[in-house]
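Letters A, B, ... mirror the listed sequences (proteins, then strands); counts begin at 1. Every heavy atom of this structure was used, including side-chain atoms; hydrogens, water molecules and symmetry mates were not.
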Protein chains: 2
Amino acid sequence: MGIAERKERDKEELRERILVAAKTLFLEKGVEKTSIRNIADLIEYSPGSIYHYFKDKNEIFHALHQGGFQQLMSRMEVLAAVSNPMERLKRMGAIYVDFALENPDMYDLMFIKDAPILHVSNSNEEQWKEGFGTFNFLRSTIKECIDVGHFRGHEEEALSFLVWSTVHGMVSLRIRRRCEVVLAQRQDTIVHDGLNEFFSILDRLSS
Amino acid sequence: MGIAERKERDKEELRERILVAAKTLFLEKGVEKTSIRNIADLIEYSPGSIYHYFKDKNEIFHALHQGGFQQLMSRMEVLAAVSNPMERLKRMGAIYVDFALENPDMYDLMFIKDAPILHVSNSNEEQWKEGFGTFNFLRSTIKECIDVGHFRGHEEEALSFLVWSTVHGMVSLRIRRRCEVVLAQRQDTIVHDGLNEFFSILDRLSS
DNA sequence: AAAATAAATGAACACTGTTTAAAAACTAAG
DNA sequence: CTTAGTTTTTAAACAGTGTTCATTTATTTT
């Protein structure tokens, strides 16, 4: 009965090859500009074969999407060792920003592009499953901060959204090339400069 | 010599009709899903004709893009009457957010989509001309705040970027449907709730 | 009315995502 | 070892896309 297992492995391997090819092309030329035929050419299969492994183009990029969240989550794991919630919150922001700037196309896919989300909200209920995990992590950290006495006068849910929005805003303006409006000599560092301003604001809100 | 002028007017009128049709379709089904043939059908012209008025599809949406900035700018005009820079900054944020939520597709085109920007940065130098105006307005307001003694310890450029990022982050998460992760009963108000949290943070930074 | 100019057309090109009938490859049973 | 049955892969086809261009149509000038 080892043959069925080997075939299963082969199938999984080709599935993985498709994903690797798709990711390569996507990082090279973007999602929209990458066609099924391009992917097929790269793995030297016919375009039709890809539809035996993925329902449609969206499903391919949704698979990559999930991989991205696993990456981000694994980067967050070091935070378990940070007991001070305020310190953890800041380190979390730094990890988030670094991940986005180091993997702009993946971040784009996860948090900016709209296609993958629509795909998920079609297969109803479990809307953007991956997103919940990361936001819950942020929310619980902020709750800890509030419980310890920080952010007096602020409310958990709205503040969590605000914090997420701030880091998302910075990196997405960068990724989608809206930073040309800031001073030319500051463009390379503006996201980190902005993050530091944000940190010093958070410090002031500590009490 | 009135004939040439009338022809000029006719040409301008058809150009405008293309833009109106393009905008209609775009608001209905999105930029990507709107084809030149769709636009041509709506104005009852052949697809080819459109290329007499616009170089390519990008140029059509770049024209709409410019119109969006004029809209946003005109909303900002009331701020000239607000002498207190801190008050002006907050009202500015509210106008920005309201504009984005009331015209999500236009905002998307202006600040999230990447195609129009690339088009501009190809026709070199004057990169994203429209964006400069709005950001300069924000920067000068924040400079006034600093000059009056607010935001002590913060720096003009990075803080301006941070403030912009915060409001942009909130509305773009909303527009690109990443708000499913916040509590279900808060989703409709979360952007305004977040904005209010932001305002109260700004107040704390006044001194 | 004829010539010149401008505008609009529709067909064509090279793409796209996706479907499907047929072919090839491989496995299992007799 | 051959035959039957599956699974995998393919190539062709469909309906769509942005864009170009020779040709036709309409208008203006001479």
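Taking 4.0 angstrom as the limit, A/N38 places none of its side-chain polar atoms (N or O) nearer than this to OP1 or OP2 of C/dC15. At the phosphate of D/dT10, OP1 or OP2 sits under 4.0 Å from a side-chain N or O atom of A/S46.
Distance, A/K55 NZ to C/dT19 C1': 14 Å, rounded to whole Å. B/E59 places its CD atom 15 Å from the P atom of D/dG18, with the value rounded to the nearest Å. Atoms CD1 (B/I50) and C1' (C/dA7) sit 14 Å apart, rounded to a whole Å. Atom-to-atom, CD1 of B/I36 to P of D/dG16 comes out at 17 Å; the value is rounded to the nearest Å. Computed from coordinates, the A/R17 CZ to D/dT9 C1' distance equals 13 Å when rounded to whole Å. Atom pair A/R37:CZ and C/dA14:C1' shows a separation of 11 Å (rounding to whole Å applied). The distance from atom CZ of A/F54 to atom P of D/dT9 is 13 Å, rounded to the nearest whole Å. For A/K33 and C/dA14, the NZ to C1' distance is 14 Å, given to the nearest whole Å.
Using a 4.0 Å cut-off between a side-chain N of Lys or Arg and a carboxylate O of Asp or Glu, B/K90 and B/D203 qualify as a salt bridge. A salt bridge links A/R88 with A/E144: the distance from a Lys NZ or Arg NE/NH1/NH2 to an Asp or Glu carboxylate oxygen falls below 4.0 Å. A/R75 and A/E102 are joined by a salt bridge, as a carboxylate oxygen and a charged side-chain nitrogen come within less than 4.0 angstrom of each other.
B/L14 comes within 4.0 angstrom of the backbone, heavy atoms only, and of no base.
Ring geometry, B/F61 versus B/F26: the interplanar angle exceeds 60°, so the pair is classed perpendicular (tilted spans 30 to 60°). The aromatic rings of A/W164 and A/F161 stand perpendicular to each other, their planes meeting at an angle above 60°, with 30° marking the opposite boundary.
Every residue was checked against the side chain to side chain donor-acceptor pair (under 3.5 Å) condition with A/N196, not counting sequence neighbours, and none meets it.
With D/dT8, C/dG10, C/dT18 as the candidates, the nucleotide lying closest to the side chain of A/D56 is C/dT18. When distances are taken from the side chain of A/P47 to each of C/dT18, D/dT19, C/dA8, the shortest belongs to C/dT18. Checking C/dA8, D/dG18, C/dT18 against every side-chain atom of B/S35, the shortest atom distance belongs to D/dG18. In this structure, the nucleotide among D/dG18, D/dT10, C/dA8 sitting nearest to the side chain of A/H52 is D/dT10. Side-chain proximity of B/Y51 to the nucleotides C/dG17, D/dT10, D/dG18 is greatest for D/dG18.
Heavy-atom distances under 4.0 Å link DNA chain C to no residue of residues 20-30 of chain B.
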